[in-house]
Amino acid sequence: MDKAYSPAAIESRIYARWESLEAFKPSGVGPAYSIVIPPPNVTGTLHMGHAFQDTVMDALIRHRRMEGFDTLWQPGTDHAGIATQMVVERQLNAQGTGRVELGRETFVERVWDWKRHSGDTISRQMRRLGASVDWSRDRFTMDPALSHAVTEVFVRLYREGLIYRGKRLVNWDPVLKTALSDLEVVAEPEQGHLWHLRYPLADGSGHLVVATTRPETMLGDVAVAVHPDDERYRALVGRRVRLPLADREIPVIADAYVDPAFGSGCVKITPAHDFNDYEVGERHGLPRINVLTPEAKLTDEAPARYRGLDRFEARARIVADLEAEGLLERVEAHQSMVPRGDRSHTILEPLLTDQWFVRIAPLADPAIRAVEDGRIRFVPEGWAGVYFDWMRNIKDWCISRQLWWGHRIPAWYDETGRVYVGRDERDARSAGGLGSEVRLRQDEDVLDTWFSSALWPFSTQGWPDATREMSVYYPTNVLVTGFDIIFFWVARMIMMGLKFTGEVPFREVYVHGLIRDHDGQKMSKSKGNVIDPLDIVDGVDLDALIAKRTAGLMQPQMKPAIERATRKQFPQGIPAFGTDALRLSFASLATQSRDLRFDMARVEGYRNFCNKLWNAARYVLANEESAADGGEIELGIADRWIRSRLAATLARVEAGFDGYRLDAVASALYEFTWHEYCDWYVESTKTVLQAPDASAAQKRGARRTLVDTLETLLRALHPLAPFITEEIWQRVRGEPAGSSATIMRAPYPRAAEIAADPEAEREMHWVMQFVLGVRQIRGEMDIAPSRRLPVVLQNAGPGDVAYLDRNAKTLQRLAGIDAPRVLAAGEAAPVAAVALLGSLEILVPMAGLIDPAAERERLEKRRRRAEADLQKLRAKAANVEFARNAPPEIVAKDAARIVELETEIGQLERQAARVRALLAG
RNA sequence: GGGUGCUUAGCUCAGCUGGAAGAGCGUCGCCUUUACACGGCGAAGGUCGGGGGUUCGAUCCCCUCAGCACCCA
């Protein structure tokens, strides 16, 4: 084995071997355990969030697979309607052409080309990350089978009356020229204006003042509303005002929606361009006047001089015209929430259009109950509240999009505009009782991408057919997802799953935090702070990193700042840390926090951990039992201790997996590996293996324990660090090489299989405290590790003597001391630095080694600490309420601790006195 | 405006049902000890955001204030 672990050399080879062994496929035996991957955009690349999420899912899957479950991790990708269409359109624009020029059929073919062209980037990245998905079942939301499921769901919902078509006010994106659902709207605070407009009363007896942030919509006003209880305007209700510029008369109405405290207390009502006004209009039977085209230009409903103007031009013109007529009362600066499209980022307009909707309430109710009654459990639980709040106020879902890339809506129209829905045109015809002579044209629109995503847990398993997959792997066990798509995706999967399969789509939802950069910023291309996870795996030099971060920026002026920040944060670029180091880092981030700050120093730490493990393995292999070396084995204290510690560690690991706390899993294994196995156990074996007088049985005990513990540890670590564990395991497992065995199928270790050994833990604790005491003296006195120290023991009890006898060699080696001499009763102790171990005093004679003044300082410091503790405990013990109310074991523990501290202080004082005497003499 | 989460060592974060404050990184010493300098050994560093309450006892429970983040309107 190489002296340093080099991941690049082994990772690809190991992954290829797993694939050739078909190790990712469900075993077909044991209870099922399944997870569907949240499908990433088929033409995208994996970002840090994906890599984190994939690591979590892979760890869960590998863990269950090793536990003997029939595991399926279902992979796949999403067609990502708007996002993908935008990318391809941008490419076409760069080539001087466009979507419309190509026509629908050619355009869609181009998108498929692009999908094929970029489609394997994601699978390549996932392979590099070690994802053990079953590639043979890779699915895409627009595969024929999945499209079939989409159509089936649409038709069934329609025939049940749960999908309807109608002219409704929807969020309209004038750039993409499509409707959006409520969820795709991001409202952002923006500094704008509030225009106060005068609307003259029709009888010429004065005017009302209305305030608006969108004056251009006034052309579509159909009323002015006041609050019914507003005394100021009570007399005006029912009268009419003349709408300026449009020269129409509109009524003054009363509606409780109006906030009397806002502006003048009068509100213009524009049902065709505002959601609240739409409802007011419904209540009062008002007409809807649409003054905006799909491009957000003014329609023919507007007075001639505004027709065809862009919305913002029109705004300026209208304000100017009102001012000229003396109808602009005032303008004030005003911050308002402006709705923008989450993709185009343009300002959206509420627009009356014909769209398809899902009637959601009948689907939402069962979905709410499934979480209420625990058939679905959110982890952490708090997210269930977020889910309930949204679900209980849910609005009908606008599912039609005026795009070309996606699932075409299975609806046809005859020449009169009547609609026929069916699985295909023939089905639609027969459902509508139409003969072949009637000409039909299919609806031009496609479905919201999330409509197909909502079916993912069962559409990937062959639904609507009653497949074996549906019966075995559905419902899935857990959905692993970020909180940002609880509404978009999780809620809709629950609704659709219950509706069409009668079962929940998953039993648990593990909601993790979102990966942010070191400063807590969201990682985004525009901020220039993204990191390609594979750049951490394989490394990247500074220039390449800067080039990646500054290429294709929407705001090229950001380039210098991004370059500067990148140079500052990664002056040397990023070294190759390997997949396992990255995965361990992700695991350690999997706390319950919402924001997960990614810190490269952590990856470096785990890279070092991998190297530590690698080198421990080198040591173990160098000391392996030879095949012929059968026979008696004898376990020493350290051997028994490390086995017992392994059991305790595995218990922590099990608790971690149970609670989706991979951070706890990672730290339990990290601490065991480094601070127990390497720091103490491996070191202690050297005293046995390198001692000429140790028995063969003792040596065998140490060798066997070294290997057993390492082998078990590797299995325990495998779900988090699959590559290095496989590589080492192949060398230590003691089976013939070249077999098809893989650690992936080895049983996951269980705490219950290994006996705890409290006796060995107690004795080893004594040994460790002894060693630490001496080391502290050495460290604080700056004595070189190579300098062997003489040690004298004072006040040794029978237990101490027994421990000392059994562990003398270990103590000598680990503490770097000569054989300790036990002071006989009454024998004078040398002047020495002291370490305390219960009543035992471990003395290191000063004799030229130790500066008495430094030792005096050290004793003083320790005494001060002990006294501070003692005072607190005494005060507590003196409180009668404490004795009365606290549990007896706590009272007893405190009392014992008081005795300990008193003894310790006494010892420290005696030592200090001797050192002082020495200094004085 | 309504809601949720966060505030613990210089930095990034753990801390289970309330019972002697932890890790990693960084810092400071000593050290080429034959698994590992991607290392070993030792050390320093915290009035657990402020205030109040409950309790024998609060980082943990309750109230309140402040700051930060996010969601909804």
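Order of the sequence lines sets the chain letters (A, B, ...), proteins ahead of strands, with each chain counted from 1. Any value given below was found using the heavy atoms of this structure, including those in side chains, with hydrogens, waters and symmetry copies removed.
For RNA chain B, the span of nucleotides reached by chain A at under 4.0 Å from its heavy atoms goes, 5' to 3', from U4(B) to A73(B).
Annotation: cation-pi geometry satisfied between K686(A) and Y619(A) (NZ/CZ under 6.0 angstrom from ring centroid, within 45° of ring axis).
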> How does RNA chain B look in dot-bracket notation if pairs are Watson-Crick or G-U with both distances under 3.5 Å, crossing ones as [ ], other-strand ones as |?
Replying inline: (((((((..((((.....[..)))).(((((.......))))).....(((((..]....)))))))))))).
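With both ends at atom P, the span from A58(B) to G49(B) equals 15 Å, rounded to whole Å. Remark: the separation of the C1' atoms in C62(B) and A23(B) is 31 Å, to the nearest Å. The same atom, C1', is picked in G19(B) and in U59(B); the two are 13 Å apart, to the nearest Å. For G45(B) and C6(B), the C1' atoms lie 24 Å apart once the distance is rounded to whole Å.
Within 4.0 Å of R597(A), counting heavy atoms only, lie sugar-phosphate atoms of the nucleic acid but no base atom. Using a 4.0 Å heavy-atom distance criterion, L772(A) is classed as a sugar-phosphate-only contact.
Not counting sequence neighbours, the partners of H512(A) by the ring-ring contact (aromatic ring centres under 6.0 Å, His included) test are F52(A). Looking at residues two or more places apart in sequence or on another chain, you find a salt bridge (Lys or Arg N to Asp or Glu O under 4.0 Å) between D255(A) and R283(A). Considering only residues two or more places apart in sequence or on other chains, F577(A) meets the ring-ring contact (aromatic ring centres under 6.0 Å, His included) condition with none of them. For K876(A), the salt bridge (Lys or Arg N to Asp or Glu O under 4.0 Å) partners at least two apart in sequence or on another chain are D894(A).
Using a 30° and 60° split on the angle between ring planes, W390(A) and F487(A) fall in the parallel class, below 30°. A parallel orientation is assigned to the rings of F483(A) and W383(A), their planes being inclined by less than 30° (bins at 30° and 60°).
Contact check on E902(A) versus R874(A) returns a salt bridge, with a Lys/Arg side-chain nitrogen under 4.0 Å from an Asp/Glu carboxylate oxygen.
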